[in-house]
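Working notes for the structure below.
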Amino acid sequence: MQRAIKILMACGLAAAPVAAIAAQTMDEEFARHVKDWTTRPEFVSPLVDHLPKSESVPSPKQVLGHEIGEPKKLDYYADLLKYYRALAASSPRVRILEIGSTEEGRPNVVVMLSAEENIRNLESNRRNLAQLADPRGLQESAVSALLAATRPIYHLMGGLHSSETGPAEMLLELAYRLAAEESPLLDQIRANVIVAITPATDPDGRDRYTDWYYRNKIDDTDDLDPVPDAPYWGKYIFHDDNRDINYSGASARELLAYYLQWHPPIMHDLHESVPFLYTYSGQAPQNPNLDPILYGELPWFSNFEMSQLTKYGMPGVWTHGFVDAWSPGYVGFMSSNHNGMLRMYETFGNAGATTMLRHVAPVPGAPKDPNRPDQTTRDWFRPLPPYKEVQWSMRNNTNYMETAALTGLQLTAQFPQVVLQNFYKKSRNAIESGRSEAPYGYVLPGDQPDMTRVAFVVNILRMQGIEVGRATGQVQLKEGAFPAGSLLVKRNQPYGRLAKILLEKQQYPEGELKSYDDTAWTMGLMAHVQVVESADPKVLDVAAEPVEHMQPAGTIAAAGAGSYAVLDLGSPYMATLRYRLKSVAVRVAEQAFKSGDLSVPAGSFVIDGKAYDRLRPQVESLGLRAVALTSQPQVPMHAAAMPRVAIYSTWGSTQNVGWVRYALDQFEMPYELIFKEQVRKGRLRSAYDVIVIPSQGRSARGLVDDLEMYGKPLPYTRTSQYKYLGAYGSSEDIRGGMGLEGLLELRRFIEDGGTLITLGEASAVPPEFGLTPTIEVSRPSQKFYAPGPIVQAHILKMQNPIFYGYTSADTTVRWASNSLLQLRLRDKDRVLMEFPGGEKNVLSGVMRGAEEIDHRPAIALMPSGKGQVVLFTTNPVYRWQNLGEFRMLYNAVLNYKNLQ
Ligand SMILES: [Zn+2]
């Protein structure tokens, strides 16, 4: 009761001006600095032009030695944490949750800030939000009391992208205000909202980028002449940490686990790019599975922010016209995916804290970039556009982002009950839609030959909080009969919409709409797992026991046989097994054969019975199947090689290399990572059997030339001062690329008997630079548009070892490259897989102009000298997604001696 009165009072106060009142002593030095560091008077607001002093709570400057937004000052991750820990130690309004640690061992935390009473009641509030997130069993009559007793959590995340340095700084000052500033606005926010903060969503990248900034970028003052970005942020995947739909990254996984425990109805991801502040509206194309309420909420918030900041006189605040709501793969989208709301800003940033001349409007004479239209023009969604040219500072960035964040919090604090009601209603609707609308569920049949890939899908669904059941008896639906043990995803559950989003085929809207990211991600097609969509409501009543985590048990016949065959049923763990049995002789059956009644597929490993004790634990733990052989197989076999593998990486584009590294690491396949330095040095053939060049760079030339030889040397080495540089490769100067010298060495490598494997766009390099001179490369027409659809591919050479584990000539692949290959007609036998092309072979997502890829090679193999080049125009390791294609790369590596 008392709490209700307090809320009413807070709401009443909100009608007063939002600026701070003079009850607290203000920090005059801060105000002076903000004025100095803000490049124009209109680039600041009354919400952030002041900072109160506090007797008990330390300001950022008191802990870190500088105010937020000071030119040329960035904080390392340990310092961010030091500040939040100092806040938590001094204020009952602050609490820190430890949620895990990063790949490099930095702690991941969430900082909770609210009124003291709300912080004291965090646990009961968490339970309340969990009930709203899963309202099954919640009586309608109990809802209003539950809502009234609950505060929404508004979760702010900064620093997912490490070169976008402002958010992690701004959040420190925002946290201080939330802990220490007494004003009607802050009082209202504290009373009605629990603010949660991720200090830096990529902590490893924060430190690496901060080192890079101090070492190489601190003197950037003109955006037409910037020093390139650091080669790495976190360990693997750079900017794609915001495309990590299956949560390969530790920090993303831990954030998701936190999300599913705490259920913040709003997650707000703070990015930097376009001028001066863009606030996400959830524009078309919109994912049609998400609740329509969401698409009302998003512009409700973004329009409020636009009008408030415009009212404060800040130019360049806009919404709409940038990022859409199609792909569910952005990290913060975990909120929208789970019936909450993803919010997002792009604030103008300088990739550091140095004040810089920014050419905001396109510069005359510059090449037209369709991805960067003029954002300084007036439009209905940009009524007060950004300036055409401006000096931009870190403090400007802080002012805009913090003012907007406070404004988003203000709206939440004024309508906390609406936010909670919406969250509850979206959760309820999700369950109801699964009960009343087809499809009612999905079946993953339990008799699929390779259950390890089924487990990949099931465990990702489980990680997402989606309930999966294992059928206790046979399942009879109008789609067919499925054996006991089949996996069931019923749609009448809180995250039933998300299950549909992830498992269905994406039907991209007709018309000219463009997507900001991938248009398809269908998990079954990506992982080559059979997933049956059921329009039979009976699926909801099938008896099933809940699956916590799926771990397929491998099986092996009893000891004592002369030899064993590990059946190749398509599991990527076949590669892991080869490496785990390092010193054991493993032969690969080149054709299928029968052993008694048993069929042994091509690609199966034949292993002597003497190795049984080593084989058994691996087969069992990897979920494989080994049978005893009654006699020696009468088919050709070859030794399963363990080649010396190098992965080639540019310095300027390590992201897709990172995905390949990740996939090889996950399956325990060893490799060396090499760069221009090693390639130019030569003698590659004496060091490696196979060199893989993942898709990277903007073009074939970009892959070869990489970062231009311009400006000063750019060292990426570890020193006592810059201890986070020099990880995952090291260079005294990352400029220059492999160049023609490097290409010559690659040619020598091939001629001396090496195997070069190129993936995706990298497959344009061998034809365009004379390594495979008889192949031509062409590009599709202007009207061709294919942002990541899943398409049919047709295997032409089923017997080639690249296709061990694949049982059908028709397979599905993610479309990956706009470099279309053309081989001489006399070489048509060198095409191992092709795209049949055409509209009917687009299985998910959009490909406009699909007839342009008719019969184009998807994999080609060209002998050259004593060696060979394997060109994939697919990307067999596309992010942590197309598990069904991984084997094509693994097979090419492990059978490199037997591909021709
Ligand atoms: Zn970003």
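This is a predicted model, so every value here is computed, not measured. Order of listing sets the numbers, starting from 1, for every ligand and every atom in it.
The Zn ion (ligand 1) sits nearest to atom ND1 when only the N, O or S atoms of His271 are considered. Per residue His161, closest N, O or S atom to the Zn ion (ligand 1): atom name ND1.
Relative orientation of the Phe322 and Tyr516 rings is perpendicular, given thresholds of 30° and 60° on the angle between their planes.
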From CA spacing to verdict: salt bridge (charged side-chain N to carboxylate O under 4.0 Å, His left out), Asp219, Lys72: CA-CA 9 Å; Asp219 295 324; Lys72 301 194 173 185; 3.5 Å; yes
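Side-chain N/O atoms of Asp211 and Tyr76 include a donor and acceptor closer than 3.5 Å.
One of the N, O or S atoms belonging to Glu164 lies under 2.8 Å away from the Zn ion (ligand 1).
The distance from the CG atom of Asp705 to the CZ atom of Arg735 is 13.5 Å, given to the nearest 0.5 Å.
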